Amino acid sequence: MNTLAKRIHNIAPDPVNVTFADDSTATFEMQSAEFFQDDFQGVATPIDGEREHRIVAGGSDTDEVVVGRERDDGGFEEVGEIVAVDPAE
């Protein structure tokens with residue numbers, strides 16, 4: 001099971017602070033955080049935004065957890081890869 005995804009799951013539904021691979025950060029209000037066997041999907045909204053974001057991890061064969069932001073024309077665009085997760089204070 002992906003360690004970062006498990007941490008998000010354990011913190012939710014409380015807000016989470018994430019750090020991306022480029023050292024930028026964001027705080028998300030979690031609407032849901034679920035595992036489907038080894039795959040993870042979370043639905044969240046940034047504290048300072050309105051667009052829905054998806055947080056996904058693809059099973060035990062990868063350590064990557066990525067965030068996608070909902071686009072105006074439908075679908076999602078990648079925001080970045082999460083490298084650290086902490087509870088928001």
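Since this is a predicted model, take the numbers as computed values, not measurements.
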Let me confirm one number: the [atom1]-[atom2] distance from [X] to [Y], rounded to the nearest 0.5 Å.
X	Y	atom1	atom2	result
R71	E77	CZ	CD	6.5 Å
H9	N2	NE2	CG	12.5 Å
E70	R54	CD	CZ	7.5 Å
R69	E52	CZ	CD	13.0 Å

Is it possible for you to say whether [X] and [Y] belong to one hydrophobic cluster, with membership spreading through side-chain heavy-atom contacts below 4.5 Å?
X	Y	value
V18	F35	yes
I82	F76	no
V43	V85	no
I8	V79	yes
F20	V65	yes

Side chain to side chain, [X] and [Y], heavy atoms closer than 4.5 Å:
X	Y	result
E89	N17	no
E29	I47	yes
M30	I11	no

Quiz item: Do you know the tightest heavy-atom contact between A21 and V83?
Solution: CA-CG1, 3.8 Å

Quiz item: Has Q37 got more than 12 heavy atoms of other residues, nucleotides or ligands less than 6.0 Å from its CD?
Solution: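 No, CD of Q37 has 12 or fewer neighbouring heavy atoms, counting only those of other groups under 6.0 Å.
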
Exercise. Evaluate side chain to side chain contact (heavy atoms under 4.5 Å, CB included) for D86 paired with R7, printing each intermediate quantity in order.
Key: CA-CA 8 Å; D86 293 298; R7 185 147 169 79; 3.5 Å; yes

